[in-house]
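Before any comments, here is the structure.
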Amino acid sequence: MGATGSVGTQTLDLVYDNPERFRVVGLTAGSNVALVTEQAILTGARVLGIHTPPAGGEAEVRDALAEHARRLGMPDTVEDIHLGPGAGDTVAAYPADIVLNAVTGAVGLTGTLAALEAGTDVALANKESLIVGGPVVLDAAARNGARLIPVDSEHSAIAQALRSGREAEVRRLVVTASGGPFLGMSRAELAEVTPAQALVHPTWNMGTVITTNSASLVNKGLEVIEAHYLFGTDYDDIQVVVHPQSQIHSMVEFVDGSTIAQVSPPDMRLPIAYALGLGDRIPGATTPNDWTQAATWTFEPVDDEAFPALSLAYRAGRAGGTYPAVYNAANEVLVEAFHAGRVRFTEIADGIAAALDAHEELGEVTLESVLAADAAARAHTATRIANRSDAPA
Ligand code: NDP
Ligand code: MG
């Protein structure tokens, strides 16, 4: 799911490199018909789902498939085409060994649930599924005997490190953060940064939303909540450390004082391959570190005053229920507004704090209640943005 994005295309690179290991059943995209139809021909997929269909509908998708098939000299194997908002969820429920969810944003939640309800394991890049719907997602996995497998590099690192000890021996999880492009800046300096500057990540090449979230440390906040749900760890036992070189992707500290770190270059192909390998390591997934070259790795604590988004995530996570959904929804609206030049960078965290302050828990955590909390937080944040007096120059 989300085959045309940053994680999606890297996942298909792994598939093309390992044709004997993987067979693609289906692909989904938001609106990029040109690319997803080419991918369908190259992979031999049987089903396609497109969230925002082209003007010409299914006929236009069929034409694009036929054109790619002719140009590439490969057969068109697509039997079913689903179009519209529910299309991705329909595809996710097709029989398969595993669904990799690489959609961006809260909109990815229902696809995760559709796959789990079909009893299919989910390799989760769409961390928002767990942030927004944590208890609902865990319940769906448990009821259907399906697994959630991390794709996010930090959680893949933790899963790999956890192999070296028993659960009862784990003392804490240490999540590394690159610190993003604005590491070392003060709050006053951060008020002046531009969207273009936020999109230049020092170590990772990723989609727009997650790159912006890395700059604000919202991404690290989302990952702390993700780690809480994936590994069942208390927030008190999840620590974040800034490691600008992005070579250590996270660590597990054990009760005897030993810490196991997972090391590889910043390349998503490794965690994607580790997830799809289902415990097997796939040869050549990434280029390993070169230990013949001098290198310096550094570590420092997070500056919570300049980057309040991380402590706000701990606050939302500890409050539990629908609070993490509110944190994410407010952020999605604020990131869009930041890129439209309507709010300053520092207002992202301020707006998240305001949305958390305004939120009242709506009772039991169900799919309906998290979606309602998500919608209310979006409306609250949009109103707050509309009513502000001093938009950035
Ligand atoms: P991108 O923005 O690059 O890709 C997003 C994908 O989702 C595209 O295929 C897009 O389709 C699709 N999409 C968008 N809206 C919808 C929708 N409404 N319904 C169905 N599909 C939709 O994002 P990334 O690949 O960077 O990130 C994907 C997820 O993985 C995010 O949750 C992110 O946090 C997580 N992640 C990403 C990492 C990275 O290195 N990029 C690292 C770790 C986690 P279209 O192209 O047609 O718009
Ligand atoms: Mg990550």
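Indexing begins at 1, ligand by ligand and atom by atom, following the structure's order.
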Only N/O/S atoms count here: what is the atom of [X] closest to the Mg ion (ligand 2) called?
{"X": "Glu154", "value": "OE1"}
{"X": "Glu223", "value": "OE2"}
{"X": "Asp152", "value": "OD1"}

Do NZ/NE/NH1/NH2 and the carboxylate oxygens of [X] and [Y] come within less than 4.0 Å?
{"X": "Glu336", "Y": "Arg342", "result": "no"}
{"X": "Asp350", "Y": "Arg187", "result": "yes"}
{"X": "Asp237", "Y": "Arg171", "result": "yes"}
{"X": "Arg23", "Y": "Asp97", "result": "no"}

*Test ring pair (Phe, Tyr, Trp, His ring centres under 6.0 Å) on Phe307 and Phe182 and set out the steps.*
CA-CA 10 Å; Phe307 297 96; Phe182 305 139; 7.8 Å; no
*On the 0 to 90° scale, with breaks at 30° and 60°, tag the His243-Phe299 ring pair as parallel, tilted or perpendicular.*
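The rings of His243 and Phe299 lie parallel, inter-plane angle below 30°.
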*CA sep, side-chain torsions, deciding dist, call: Asn126, Ser129, side chain to side chain donor-acceptor pair (under 3.5 Å)*: CA-CA 6 Å; Asn126 179 258; Ser129 289; 2.6 Å; yes
_List the protein residues in contact with ligand 1, where contact means a heavy-atom separation under 4.0 angstrom._
Gly2, Ala3, Thr4, Gly5, Ser6, Val7, Ala29, Gly30, Ser31, Asn32, His51, Ala102, Val103, Thr104, Val107, Ala125, Asn126, Lys127, Glu128, Asp152, Met206, Gly207, Ile210, Met268
